[in-house]
Peer 1: 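Here's a structure for you.
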Amino acid sequence: MQDLRLAFRGLRAAPVVSAVAILSLALGIGANTAIFSFVDRLVLRALPVEEPHRLVMLVDPERPQASWTNPIWERLRERLDLFGGGFAWASTRLNLARAGEARLVNGIWASGGFFDTLAVPPHLGRTFTPADDRRGGGPDGPVVVISYDFWQRSFGGAPDAIGRALTIGSVTFTVIGVTPPRFFGPDVGRTFDVILPLGTEPLLLGANSALDLAGRFWLDIMLRLAPGQTEDAAAAIVRGLQPQIRAATAEGLPDEYLSTPLALAPASHGRSPLRTRFQQPLALLIVVVALVLLVACANLANLLLARAAARQHDVSVRIALGAPRWRLACQCLVESLVLSSLGAVLGLLFARWTGRLLMAQLSTDINPVFLDLTLDWRVLGFTTALAAGTALLFGTAPALRATRVDAMPSLDEQGRGSAGGSRSRVAGTLVVFQVALSLTLVVAAGLFVRTFVSLATLDPGFTTDRLLVVNVRPQMTRIETGELTALYERAREAVAAVPGVERAALSDITPISGSARVTAITVPGRERPEAERLASVNVVSPGWFAVYGSTLLAGRDFREDDRRTTARVAVVNEAFARRFLNGENPVGRTIRDGADTESPIQIVGYTADAAYRSLRDPAPPTMYTAFPQRPAARPFVSITVRSSTEAPATLTRSLAAAIGAVSPDLDLQFRPLADQVGDSLAQERVAAILAGFFGGLALLLAGLGLYGVTAHAVARRRAEIGVRMALGAAQGGIVRLILRRVAVMVLAGIAAGGILSWWAARFVSDTLLYGLDSRDPGTLAGAAAILALVGVVAGWLPAWRAARIDPAAVLRDA
Amino acid sequence: MTTNGNQPLIKLEHVKKVFYTDEVETHALDNINIEIRNGEYVAIAGPSGCGKSTLLSILGLLDTPSDGQYALKGEPVARLTLSQRARVRNREIGFIFQSFNLIGDLTVYENVELPLTYRGMRAAERRQRVTAALERVGMGHRAKHLPSQLSGGQQQRVAVARAVCGEPSILLADEPTGNLDSKNGEAVMELLGELHRSGATICMVTHDARYASHAKRTIQLFDGRVVDESVAAG
């Protein structure tokens, strides 16, 4: 207790030093806690359901991320008696708005056995069963189960929400139950607002329903092993059923369909594309935050060593008074523990903030990310262990030193000149270690920041300013498919007439949306292997290139008179000409596409390359076809609007009104193109922010470490410096004397850090970088220069102070 | 450790202390034979560098002789482990230093309490002893002050209180007036005299003949050897 009191008193006695120590620990521990929370929720933690270890997923061993069709699921569903249960599901976005601007929520289409298989009881009401999972709805009509959060948000947590109506799309569903608060579904990294029976899907999508499409792979299938059933036994059953499933569903599909033996994979931790996507960045982040904590520990070890040296006299007195040495070591460790505990408490707050920031940065409109990052005993346990480990790491050296103090020499010295050469060597080594780790972190920061800047400033081949994308989804139960193209053209005309709109154009796909469509191209007289015939396609209306500011190199844009009844026309880009036409001017050439080999396509325009699916990918060979000539089966389109103002989002209301006047059955989602492009760089932005932040923090800590060690060395050598000056040393000479030592430490650290960075580069995949190599010499040289600058700044102040020592005063005191 | 009336409290026989630095061998003490009995007030006097402080550090178990025997309360101390030495120092020896050596972070009360804390004594007993010791040296009213708020004389009184509060077998005082003006120096010597009169055994190192005269027996050291031993009259 006394040790604790003394530790707190010691912290209060040097508030600035204590604050720096606690803050650096808080940042180090907080960063580690935040990343652990992420890893724990994304990778380590099982689904919050009963006996998650009995859950398995149906997988294709050759395509682990592959999904399944509903016909396959329906055949498997017939034999669920061979397992402990099973269900199919797909995540989706659903619109709750009755008309106009969409109010999108996260939804899950799930088969009737979803809740029974996962053994998730309702929080309120009931969950749905196979009886509710019928085409068009069960005995109670279309029903919906809502999440606890959605219940709180939309119904205020009212118990009478059960039985109330909820309109989704244009269909009225009855709310029958609320799921427990912590249940987020089988997808880790996502959550849901509503869960609908799979059988109600045709009610919303009408003719676009995927339930009977044998070629539409969109469902995931999870099974629960029967009690005592092994995964191998269940997999053998699935493989036994495979021929029957194939025979019943293979009509019209290629020979390789369902030819690979099916397999089961453990699913206790749920399904998570986010996990797959962030596996490598997270592993890197774990290393980065661990390094930051090590740098902070090295700093604190130095700080406590300096403090221990200053207290050597006190320790001698205690030894003279009969203090057992273990007791002195204990006191040092208690001080370290107090520091790390305070750091951990602050670190938890920092982790909470960082976790939210990280999730907000990763989340986009199209891919909302959800991880329940609330504090629990696992995170608290990790933080506690980290704090204890940290205290041991930076507190052991000072504690050991305290036990080695001789009583008499220190008492004789009356506390002066207490730091010996060995402490100085230890401190110097720690600083070199810090500089080396900091250099590695600064190199990482440089790589990720440069990657982000390269991508963010990349010319995509079109402008993003003043562009607003309106994603249009028809309510398919109210509109005939054949009417769509004409309806969209009328909607575009209405949009173009809105005041503040400069231009508007239609397209199937907007750039950098993550969507893509390809087709096989045939150039008469030039045979190519199938794999080399693929080109990206987009269907665009006249004026689309002008809206995007794309350069038309030759030929013409589409015209209003390019109709379904006229000859098919296309505009192609430079990559297309390079791949299929040896780089020749393509205008006037005729090609055929895979979708319609009977009807040739005349190339009428030649446009500059532009990014298509992602900024990272080079512009693919792309063919644009005329909107009126589009296949009627594609229901979703986008209208891109070029606004005359700098804030295109302000047009949202008037655009919704204009489109609503054309048809009230079109659901609309508005998004500035700049946001869409920005969202596509979420991963790179997060990597740059985190790496930049931690690199900066490591630099700051290294600077503080250098300053501390140099200032302490100056204090220790005060008498020596005084004598040198008395003997005629100039101030510049004293500055050089001090800076020389700093230079040695920094150079040694840079050399060690350079080797470490070179070695560590092997773990940085090139897919995480853009436009540079993980061993980029420029980045390494830049980081070394920054570290050297920090060294000069950190060493200059103590050196300057040393040069101003009054030799007379020093000699008088000696 | 217990002792009987006939047995010396401290007995040094043929004690030597040699310091080795690089290739230089320095004989700090040579063939020292000293006995100190319970209740004695002994001064070890001599010029600077004669080995007084080295002798005191050996007596206080802060250092070990290079040769010879040292017995405290009849028990040889040569084979004691570090922790046993710490225990003996804590219970049998009270130190008073020239530069007071109070711990700046601790209050007067906590400084005096410190050796009792290491002894594992209960808080109530500690409080009683510390209060009594501070009252004895006239510093009870300064218990909550920090050493930096006291004069040199007051600091040395606190150091005396710290030395006596554990009721050690012997007080070892190393130039206790060395950092004090003559008035405060006399006051501290008066305090040591009082302690002696109430039964304390004291061994004091000093180079000042005026203060050495306060002791009942004076041992003169020169170049590491005992060159004279005198007992005060009366």
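Naming convention: chains lettered A, B, ... in sequence-line order (proteins, then strands); numbering from 1 in each chain.
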Peer 1: Could you report the tightest heavy-atom contact between A:V317 and B:R162, atom names first, then the distance?
Peer 2: CG1-NH1, 3.6 Å
Peer 1: If you count every heavy atom of other residues, nucleotides or ligands that lies below 6.0 Å from B:H207 atom NE2, does the total exceed 12?
Peer 2: no
Peer 1: Using heavy atoms and a sub-4.5 Å threshold, report which of residues 111-133 of chain B line up against chain A, by residue number.
Peer 2: B:E113, B:L114, B:P115, B:T117, B:Y118
Peer 1: Would you say A:R318 and B:I103 make side-chain contact, with heavy atoms under 4.5 Å?
Peer 2: yes
Peer 1: Rounded to the nearest 0.5 Å, what separates atom CZ in A:R325 from atom CZ in B:R85?
Peer 2: 10.5 Å
Peer 1: Work out which heavy atom in A:A320 is nearest to a heavy atom in B:F97; give both atom names and the distance.
Peer 2: CB-CZ, 3.8 Å
Peer 1: Are there over 12 heavy-atom neighbours, none belonging to A:R736, within less than 6.0 Å of that residue's CZ?
Peer 2: no
Peer 1: Determine yes or no for a side-chain-to-main-chain donor-acceptor pair under 3.5 angstrom, with B:R87 supplying the side chain and A:G322 the backbone.
Peer 2: no
Peer 1: Should we say atom CZ of B:F19 is surrounded by more than 12 heavy atoms from elsewhere, each under 6.0 Å from it?
Peer 2: yes
Peer 1: Are more than 12 heavy atoms, taken from residues, nucleotides or ligands other than B:R225, located less than 6.0 Å from that residue's CZ atom?
Peer 2: no
Peer 1: Please find the pair of heavy atoms, one from B:A86 and one from A:A323, that lie closest to each other, and give the distance.
Peer 2: CB-O, 4.1 Å
Peer 1: Less than 4.5 Å to any heavy atom of chain A: does that hold for the side chain of B:L106, its backbone, both, or neither?
Peer 2: both
Peer 1: Return the option, out of B:T54, B:L102, B:L61, B:N90, with the maximum number of heavy-atom pairs under 4.5 Å with chain A.
Peer 2: B:N90
